[in-house]
Amino acid sequence: MAQNILMNPESFRAACEQTGVSLPFGASAQALAQPLQVGSKRFANRIVYQAMEGCDGTAEGVPGELTRRRYLRFAGGGAGLIWFEATAVVNEGRANPRQMFLNENTLDAFRNIVEEIKETCLKENGFEPVVFCQLTHSGRYSKPNGVPEPIIAYHNPVLEEKAPVDDSRIISDDELDRVSEKLAAGALLAQKAGFDGADIKSCHRYLLSELLSAYQRPGKYGGSFENRTRMLRQTAADAVSRCSRDFIITSRLNAYDGLAYPNGFGVSPDGGTEPELSEAIALVQALEQIGMPMIDITMGNPYFNPHINRPFAAGTYDPPEHPLCGVARMLTGTAKIRRAVGIPLICSGISWLGAVSPNVTAACIDEGWFDFAGYGRESIAYPDAAKDICTNGALDPKKLCITCGKCTEIMRAGGTPGCVVRDSGTYLPLYRQFCRNK
């Protein structure tokens, strides 16, 4: 598999020639260091540390010591936007027993960590970052007690081929109404906790994302485009109405699932798995009208086709394409949506680009493909990445994420994930504990 750790301008161009991929490449990363005003919020730069779940909260759902350590490292790292990880709004929708859980009883703990994040960044970088909270219901991937307890929108024969789900696990319309209300109420709680915005999470085949492809579900949440997008639209509208005007309601949104119709969103009903983004564009336009001033675009399913979601150099299977093809799909798809809407977008899936990621994403920003570069795994491996990009215009190859997937291995094995390679003192023992047969 192609190793991103060796990526440099020459190898990048060679990989583009080998794969037939065409991506822009800039001489500098200056565009990433530029501020941007979105509504009342000023982003000090165009770098986003994406929502990266650490599975290291307490049983009550408040940040633990490893959680605090991670976010203070992010804060010191200088990203303009820190996207706080998946945070449940109902206990049955938690993805693991240590997932964050925002409610009245945990509100003070979240307020404390947001204050620490802002104070740390101000002290070390001279500005306060914008901090969003990602509100979630894990749906099909709910595991609140450490064992699968799926809550599904509909039966998906592709995803259930090896693990069938009982009919009793299909969520009712009434229960979806309740979850919608909890998500909107969670946005107001996030505002009270000091966050600058809340993400109504609709990606990676969690509950709201799965509803986008509920073509064969009966009732008001299935079938037509209006029905399949109803949950996200009504929740967003409710959240906007509850929160103050300077509080941002946004979404991390799957534009493409990588599954053929009728089991995936962002594909043609005529067959095949190539992206067909007309519905994704229509949805982003609808969310813009509701009052979302920016949206974070992603694709794929980290449980089923992670080569789409986060192109990798090494993983649990050999992907059917070169990693650069996956990066290009993510970036060109985001660009297609951006050309059709009037609000800033955040890209995803760029960690595999390694040392050339600043040059590629800065050039994309200059050409209007998107407005922010969203780093996921890179932020965990290299929390000072934003500072180095904005100060030096480059990343240190010795600090880069090598997209080896070991962080995800720990998570899937039930542990608390982190970078085994760059943060080995903390996470290598956990890797050995939870993945000792590897």
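Counting begins at 1 with the first residue of the sequence.
- With 3.5 Å as the limit, one finds a donor-acceptor pair spanning the side chains of T426 and R69.
- Between R111 and D108 a salt bridge is recorded (basic side-chain N to carboxylate O distance below 4.0 Å).
- With E149 contributing its side chain and S142 its backbone, the two residues share no donor-acceptor pair below 3.5 Å.
- A donor-acceptor pair shorter than 3.5 Å cannot be found between the side chains of N112 and E116.
- Checked by atom type, the side-chain pair E53/N96 shows a donor-acceptor distance below 3.5 Å.
- In this structure, D371 and I365 have side chains that are not in contact, with every pair of non-hydrogen atoms separated by 4.5 Å or more.
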(message) Between I389 and I47, does the side-chain contact (heavy atoms from CB on, under 4.5 Å) criterion hold? Intermediate values first, please.
(response) CA-CA 9 Å; I389 291 170; I47 299 169; 3.9 Å; yes
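- Interatomic distance, CD1 of I410 versus SG of C419, reported as 9.0 Å (0.5 Å rounding).
- With S268 contributing its side chain and E276 its backbone, the two residues share no donor-acceptor pair below 3.5 Å.
- Identified under the side-chain hydrogen bond (donor to acceptor under 3.5 Å, both in side chains) test for residues 15-31, with sequence neighbours left out: none.
- Side-chain N or O atoms of R422 include one that pairs as donor or acceptor with a backbone N or O of L400 at under 3.5 Å.
- Between the CG atom of L176 and the CD1 atom of I171 there is a distance of 4.0 Å, given to the nearest 0.5 Å.
- Between E119 and K123, the closest side-chain pair of non-hydrogen atoms is not below 4.5 Å.
- Checked against the 6.0 Å centroid threshold, F372 and F43 count as a close aromatic pair.
- Taking the six-membered ring for Trp, Y141 and Y303 have ring centres closer than 6.0 Å.
- With hydrogens and angles disregarded, no donor-acceptor distance shorter than 3.5 Å links the side chain of Q433 to the backbone of P429.
- Checked by atom type and distance alone, the side chain of T67 pairs as donor or acceptor with a backbone atom of G64 at under 3.5 Å.
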(request) Kindly determine whether L259 and N156 satisfy side-chain contact (heavy atoms from CB on, under 4.5 Å), including the steps that lead there. (result) CA-CA 10 Å; L259 300 175; N156 188 310; 4.1 Å; yes
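- Checked by atom type and distance alone, the side chain of S11 pairs as donor or acceptor with a backbone atom of N8 at under 3.5 Å.
- Side-chain atoms of S348 and Y375 form no donor-acceptor pair, as typed in the model, at a separation below 3.5 Å.
- At a threshold of 4.0 Å, the pair R98-D56 does not count as salt-bridged, since none of the basic side-chain nitrogens sits closer than that to a carboxylate oxygen.
- Remark: R68 CZ is loosely packed, at most 12 non-hydrogen atoms of other residues, nucleotides or ligands lying under 6.0 Å away.
- Salt-bridge annotation for D196 and K118: present, with a side-chain N of the basic residue lying under 4.0 Å from a carboxylate O of the acidic one.
- One N or O on the side chain of N125 and one on the backbone of G76 form a donor-acceptor pair closer than 3.5 Å.
- No close placement of the H307 and W352 rings is indicated, their centers lying 6.0 Å or farther apart.
- Judged as a side-chain hydrogen bond (donor to acceptor under 3.5 Å, both in side chains), the pairs with a partner in residues 126-140 (not counting sequence neighbours) are, in order, Q134-D199, Q134-K201, R140-E160, R140-E210.
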(message) Evaluate D167 against H155 for side-chain contact (heavy atoms from CB on, under 4.5 Å), listing each step before the verdict.
(response) CA-CA 8 Å; D167 289 349; H155 284 301; 2.6 Å; yes
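- Y154 and Y221 have their aromatic ring centers separated by at least 6.0 angstrom.
- Under the side chain to side chain contact (heavy atoms under 4.5 Å, CB included) criterion, N359 pairs with F25, not counting sequence neighbours.
- Between the side chains of S209 and H204, not a single donor N or O lies within less than 3.5 Å of an accepting N or O.
- Panel note: side chain R338, backbone G333; no donor-acceptor pair is recorded below 3.5 Å.
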(request) Begin from the C-alpha positions of F304 and N309 and carry the test side-chain contact (heavy atoms from CB on, under 4.5 Å) through to its verdict. (result) CA-CA 9 Å; F304 182 76; N309 170 255; over 6 Å; no
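- Aromatic ring orientation, Y71 versus F84: parallel (interplanar angle below 30°, classes split at 30° and 60°).
- In this structure, the side chains of P302 and R412 come closer than 4.5 Å at one or more pairs of heavy atoms.
- Side-chain polar atoms of N263 and Y215 form no donor-acceptor pair below 3.5 angstrom.
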